[in-house]
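Comments concern the structure below.
Order of appearance sets the numbers: ligands from 1, and atoms from 1 within every ligand.
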Amino acid sequence: MKYAIRTRHDLMSQEIRNHLKERFDTLGLSEDNTEPDIVVTIGGDGTLLDAFHQYVDRLDMTAFVGIHTGHLGFYADWLPHEINALAEGIAHGKYSIETYPLIEVRMSKLNAEPQKYLVLNEATFRLASGTLAVDVYLQNELFECFRGDGLCVSTPTGSTAYNRSLGGAIIHPTIEVMQLTEMASINNRVFRTIGSPLILPKDQTIKLIPTGAKKCILTIDHHTELHEDVTRLDYELSGKKVQFARLKASTFWNRVHNSFIN
Ligand code: NAD
């Protein structure tokens, strides 16, 4: 089995990396940063999001596991003192694979080829300054004309992240849906939006058409990009999924409980 380790740049994470690498090498695993079967991240959820985007082109051949060295992470749910058990479990194949849905975003701009992104948590769309104005289409039918700070489209596993702060529902990842939440919509006698999160089933699409030509910000998980002349954004659930190696008997609801209640 081939492994890669992605590490946050703090001393503690680096030390755990050295220890884990030693264990893996003793157990006969080989390090391969180009074509790993398993990617272990050491740091936080941001480190795991980073690793996901690094290996986004080989998701069907790579599984992820996260060790957290700061506060408890949602994806990074292994503790540093558990790494021997983690290394042995991986080496002896004592894990199951859980797959989670992803969202595909296609951004179209004037005089440019559309750009595609795969999203593990969420994609948000905002303006660099001022009020965002977009027409929101569901299944290619105009649903509402949104005015406000922005819009967030999240995956089920991303539903516990930014989406949750925006008042969205937490979605179990076996339910293949995407969720659209508003960021401070303007609602008055002139402008009106639905004002509540919308959950769309697999095979349904969201389309956003900006109605003011300004600089806008697209975030894809932890990446932020500034764009001009965006003419359209399309969102749908991807045919691809992310794989997580599960060695503990922890369920999605355990992780939600441990992250937010305990
Ligand atoms: P960061 O360091 O700002 O972390 C934000 C927090 O989000 C961390 O506590 C992290 O553990 C948590 N998180 C990330 N993914 C999660 C998930 N799926 N479920 C529950 N918690 C999760 O930034 P980062 O570590 O680079 O992470 C980027 C993510 O931060 C984005 O994908 C977005 O979801 C989140 N974020 C949240 C807010 C907010 O809640 N107001 C604002 C911006 C970004």
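- Distance remark: protein heavy atom present below 4.0 angstrom from atom 10 (C) of ligand 1.
- Considering each of Asp45, Val119, Asp50, the one bringing a non-hydrogen atom nearest atom 13 (N) of ligand 1 is Asp45.
- The aromatic rings of His172 and Phe252 sit perpendicular to each other, their planes meeting at more than 60°, with 30° as the lower class boundary.
- Figure legend: cation-pi geometry between Arg164 and Phe260, with NZ or CZ positioned under 6.0 Å from the six-membered ring centre and within 45° of its axis.
- Considering only non-hydrogen protein atoms, atom 27 (O) of ligand 1 sits nearest to Leu49 CD1, 3.6 Å.
- Residues His53 and His223 form a side-chain contact, since some pair of their non-hydrogen atoms from C-beta on lies under 4.5 Å apart.
- Nearest heavy-atom pair across Ala128 and Ile217 is CA-CD1, 3.8 Å.
- Atom OG1 of Thr155 sits about 13.5 Å away from atom OH of Tyr235, to the nearest 0.5 Å.
- Under the 6.0 Å cut-off for aromatic ring centres, Phe244 and Tyr100 qualify, their centroids lying closer than that.
- The proximity of Thr157 to ligand 1, defined as any non-hydrogen pair under 4.0 Å, is limited to the backbone.
- The option with the heavy atom closest to atom 15 (N) of ligand 1, from among Val256, Thr219, Asn121, Thr47, is Asn121.
- Closest approach of Gly89 and Tyr95 over heavy atoms only: O-CD2, 3.9 Å.
- Counting all heavy atoms, side chain and backbone alike, Pro156 lies closest to Val177 at CD-O, 3.3 Å.
- Within the 4.0 Å heavy-atom criterion, both parts of Tyr162, backbone and side chain, lie near ligand 1.
- Of all the listed residues (Ala76, Gly46, Gly43, Gly158), Gly46 holds the heavy atom that lies closest to atom 25 (O) of ligand 1.
- Close approach of ligand 1 to Asp221 (heavy-atom distance below 4.0 Å) involves ligand atoms 31 (C), 32 (O).
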Derivation and outcome, side-chain contact (heavy atoms from CB on, under 4.5 Å), residues Glu22 and Arg17: CA-CA 9 Å; Glu22 204 180 290; Arg17 181 201 192 284; over 6 Å; no

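- Taking CD1 from Ile220 and CG from Leu118, the interatomic distance works out to 9.5 Å, rounded to the nearest 0.5 Å.
- Put simply, the side chain of Arg126 does not reach to within 4.5 Å of the side chain of Leu132, judged on heavy atoms.
- Atoms of ligand 1 found under 4.0 Å from any heavy atom of Ser165 (numbered from 1 in listed order, with element): 39 (C), 40 (O), 41 (N).
- Atom 41 (N) of ligand 1 is approached by the protein to below 4.0 angstrom, counting heavy atoms only.
- For atom 2 (O) of ligand 1, no protein heavy-atom neighbour is present inside the 4.0 Å cut-off.
- Within the 4.0 Å cut-off (strictly below), no protein heavy atom is located near atom 7 (O) of ligand 1.
- The protein atom (non-hydrogen) at minimum distance from atom 26 (O) of ligand 1 is His222 CB, 3.2 Å.
- When Arg8, His71, Glu122, His68 are checked for heavy-atom proximity to atom 31 (C) of ligand 1, Glu122 turns out nearest.
- Contact annotation: for Thr160 versus ligand 1, heavy atoms closer than 4.0 Å belong to both the backbone and the side chain.
- In this structure, atom 16 (C) of ligand 1 lies nearest to the protein heavy atom Ala161 CB, 3.5 Å.
- With a 4.0 Å cut-off on non-hydrogen atoms, Arg164 does not touch ligand 1 at all.
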